[in-house]
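Single-structure report; data block below.
Worth saying up front: this structure is predicted, and the values here are computed from it rather than measured.
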Amino acid sequence: MKRVKVSLILIAFAAIFSMTLHLDQVSAEPITMDINKALDPGPGFGTEKIGTLSIDAQNKTLDISVNMTAIPKQDKVFEAWLVDADGSNYKLSLGAIEGGSLKTSEHMANPYTYTEFIVTEEPLEDADPNAAGTYGGAELQSPFGQ
């Protein structure tokens, strides 16, 4: 009887473990979307296209490509961010958009928690780690915002 119980426990553990492994291997189709100028006053984005965003999510890695057609003011630089707008409002900096483009790869525990991509216009030698006012952005499509 003990062998049967131990065997059943081991089978249950193996089944739960295999389901957990499968959940960690989440991938989404690559998405490409327009980056639009922020509404003034905000929140939200208008219809004026200022760039393009591409995101390829494989497991827990996001490959992000940004191409901007807008040009920052003199002594300013655009910075890209992912935002958990429907939750904590946490903003994750992806870095400066130099020469109108940015390519980055980010490994994350849960990349699908983010709901927005934003672009801010920051001073060139910005020592403040926080995001300035939103210049533009995009609402992320499903599976983001999960």
Side-chain angles (χ1 to χ4, degrees), residues 7-146:
S7 294
L8 288 174
I9 291 171
L10 288 175
I11 289 170
F13 178 74
I16 292 169
F17 182 73
S18 68
M19 287 188 304
T20 303
L21 282 179
H22 178 69
L23 291 175
D24 281 348
Q25 302 296 319
V26 175
S27 295
E29 292 295 318
I31 59 172
T32 299
M33 58 184 53
D34 291 343
I35 301 169
N36 294 326
K37 183 106 167 95
L39 292 175
D40 186 20
F45 310 108
T47 57
E48 180 185 346
K49 182 179 175 180
I50 59 170
T52 304
L53 167 69
S54 296
I55 301 177
D56 187 4
Q58 297 298 319
N59 297 321
K60 293 183 178 184
T61 300
L62 292 182
D63 292 319
I64 299 168
S65 178
V66 178
N67 292 299
M68 295 289 292
T69 54
I71 299 170
K73 295 176 187 159
Q74 187 170 351
D75 297 327
K76 300 278 186 177
V77 65
F78 287 137
E79 187 170 350
W81 305 78
L82 289 175
V83 183
D84 179 13
D86 291 342
S88 66
N89 204 36
Y90 176 76
K91 294 173 182 71
L92 174 68
S93 175
L94 300 173
I97 301 170
E98 297 178 6
S101 67
L102 170 70
K103 290 187 188 285
T104 186
S105 185
E106 301 287 332
H107 184 75
M108 302 178 184
N110 183 7
Y112 302 108
T113 189
Y114 295 100
T115 56
E116 283 185 352
F117 168 84
I118 65 168
V119 174
T120 60
E121 193 173 42
E122 308 279 346
L124 272 177
E125 300 297 324
D126 189 15
D128 184 354
N130 297 309
T134 302
Y135 184 86
E139 300 288 334
L140 297 178
Q141 302 167 1
S142 181
F144 295 93
Q146 303 292 318

Do V66 and S101 make a side-chain contact, defined as non-hydrogen atoms from C-beta onward lying under 4.5 Å apart?
no
Between I55 and D63, is any pair of side-chain heavy atoms under 4.5 Å apart?
no
Is the shortest side-chain heavy-atom distance between K49 and T69 below 4.5 Å?
no
Run the side chain to side chain contact (heavy atoms under 4.5 Å, CB included) test on E106 and L94 for me, step by step, so that the C-alpha distance in whole Å, both residues' side-chain angles and the decisive distance to 0.1 Å come before the verdict.
CA-CA 8 Å; E106 301 287 332; L94 300 173; 3.9 Å; yes
Taking the six-membered ring of Y135 as reference, does the NZ or CZ atom of K37 fall below 6.0 Å from its centre and within a 45° cone about the axis?
yes
Side chain proximity check, I35 to M68, heavy atoms < 4.5 angstrom:
yes
Within the structure provided, determine whether L82 and T115 are in side-chain contact (heavy-atom separation under 4.5 Å).
no
One pair to check against side chain to side chain contact (heavy atoms under 4.5 Å, CB included): T47 and N36. What are the steps and the verdict?
CA-CA 6 Å; T47 57; N36 294 326; 5.6 Å; no
Taking everything shown except L124 itself, do over 12 heavy atoms lie less than 6.0 Å from its CG?
yes
Any side-chain heavy atom of L140 within less than 4.5 Å of one from L53?
yes
With heavy-atom distances below 4.5 Å as the criterion, would you say the side chains of M108 and K60 are in contact?
no
Are Y114 and F144 near enough that their ring centres are under 6.0 Å apart?
no
pair F45-I118: side-chain heavy atoms closer than 4.5 Å
yes
